[in-house]
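Down below is the structure, laid out as structure tokens.
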Amino acid sequence: MGLGAKASAAPGADSQPGDRSRHAVERLSLADFRNYQRLSQDFTPAPVVLTGANGTGKTNLLEAVSMLAAGQGLRRVAYGDLTRAGGAVWSVFARICSARGDMVEIGTGLDPASPGKSARLVRVDRVPQSGTGVLADLVEMVWLTPTMDGLFTGPAGDRRRFLDRLILCFDPSYRTRVGQFERAMRQRNRLLETTSGGDALFTSIETVMAETGVAIAAARAEAVAQLAATIARRCAQRPDSPFPWATMSLEGRLERELAERPAVEVEDVYLGLLAAGRPRDRAAGRTLDGPHRSDLLVGHGPKGMPARVCSTGEQKALLVGLVMAHAELIRQSRDGVTPILLLDEIAAHLDELRRAALFEELKVLGTQAWMTGTDRSQFAALEGHAQFFTTGDSTLRAQPD
């Protein structure tokens, strides 16, 4: 799904194109994606800073990069909504030094043959793939967007998705278990609406829910434990960091049970809960017990208070700290491979001290971090260490150091 536009060279910054020692996008090409009719640009593995006025396509470029990873992208919108107004179908092509260390070409785009244009095609080295799952082995990506600023005060579903995406970085098969659980739960919910379903049918569906639901809860508990250990190491290494360390715990029936007994016993407990809860769930019109009801509780460690009652600035600092801990955890589990970071409007809500601390961490981490902002001066600490571009009129222009 390659695009034929000639690529222009990115300015040199720390690393040169062709350096396969770092996981990074080396060429990005778009066609009919959001506000871009056609674009092709080469990059080095160094951080990428995109500046320009609001509405000129900075976040759209980050979204295009996010389509190189498994899943729905950083905005989680319908694929049909990504096509440029008046365009045909969108496509994104990239040459990338993969998380495996080899150079690969990834092409993805809207499948014009899918009903309602709701599916996308994926090709790796021009070979068609069965879905986006294959990208999990090739691309490690972590992002932070302004919509995530309400993570601690918003619905529990947002925090579950945040945690689930972390797990996918280490266990691509986790997506399959979540899908199996959700399909079984939808079947059970439909069965609750009828009077024809017998115990045998309920039990067969609930058995799938028990097996996959407990596996989901166990994977989340393990992820929280690993992230907490990484946060502890970060705190020991950077005791004066302006990004406060976070406490984390899971709230849910299955998680409490798993802390006290083996998973096989918890499956039996959950199966019993589902069977006993059929009348209550039928009245509610949905399943009320399971991993889809769990919550991730985050606290401000130094202050010993829930993140949801912290100030906006403290919540942003906690969130940045969590994202950086996530990136470090990926590097540890991937034998030193750092994930690509997408940090949308990252400088807008950080004071000068925290901006400087974040940029220094990015240098140490050695990641290709894609950052957006309206003012280049906010990224002054990255001069000489990053490649700068300006967006405008659906174009991307390299800016000299």
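Numbers for residues simply follow the sequence, beginning at 1.
- Of all non-hydrogen atoms in T51 and K58, the two that sit nearest each other are C-CD, 3.7 Å.
- A salt bridge links D281 with R188: the closest approach of a Lys/Arg side-chain nitrogen to an acidic carboxylate oxygen falls below 4.0 angstrom.
- Between R286 and E193 there is no salt bridge, since none of the side-chain N atoms of the basic residue sits less than 4.0 Å from a carboxylate O of the acidic one.
- Ring-plane geometry between W90 and Y79 is classed as tilted, the angle between the planes lying from 30 to 60 degrees on a 0 to 90 degree scale.
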Side-chain donor-acceptor contacts of residues 256-266 below 3.5 Å, not counting sequence neighbours, with atom names and distances?
{"residue": "E257", "atom": "OE1", "partner": "R261", "partner atom": "NE", "Å": "3.0"}
{"residue": "E257", "atom": "OE2", "partner": "R253", "partner atom": "NE", "Å": "3.3"}

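- A ring-centre distance under 6.0 Å is not found for W370 and F389.
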Please evaluate residues R120 and Q72 with respect to the criterion side chain to side chain donor-acceptor pair (under 3.5 Å), reporting the C-alpha separation (whole Å), side-chain torsions for both, the decisive distance (0.1 Å), and the verdict. CA-CA 10 Å; R120 67 167 167 140; Q72 293 182 267; over 6 Å; no
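- Between H292 and F181, the angle of the ring planes lies from 30° to 60°, which puts this pair in the tilted group.
- Across L318 and W245, no two heavy atoms sit closer than the pair CD2-O, 3.9 Å.
- Residues F152 and F162 place their aromatic rings such that the two centres sit no closer than 6.0 Å.
- With sequence neighbours excluded, no residue forms a side-chain hydrogen bond (donor to acceptor under 3.5 Å, both in side chains) with Q187.
- With sequence neighbours excluded, the residues satisfying side-chain hydrogen bond (donor to acceptor under 3.5 Å, both in side chains) with R159 are D295.
- For the residue pair D393/T395, the side-chain donor-acceptor check at 3.5 Å is not satisfied.
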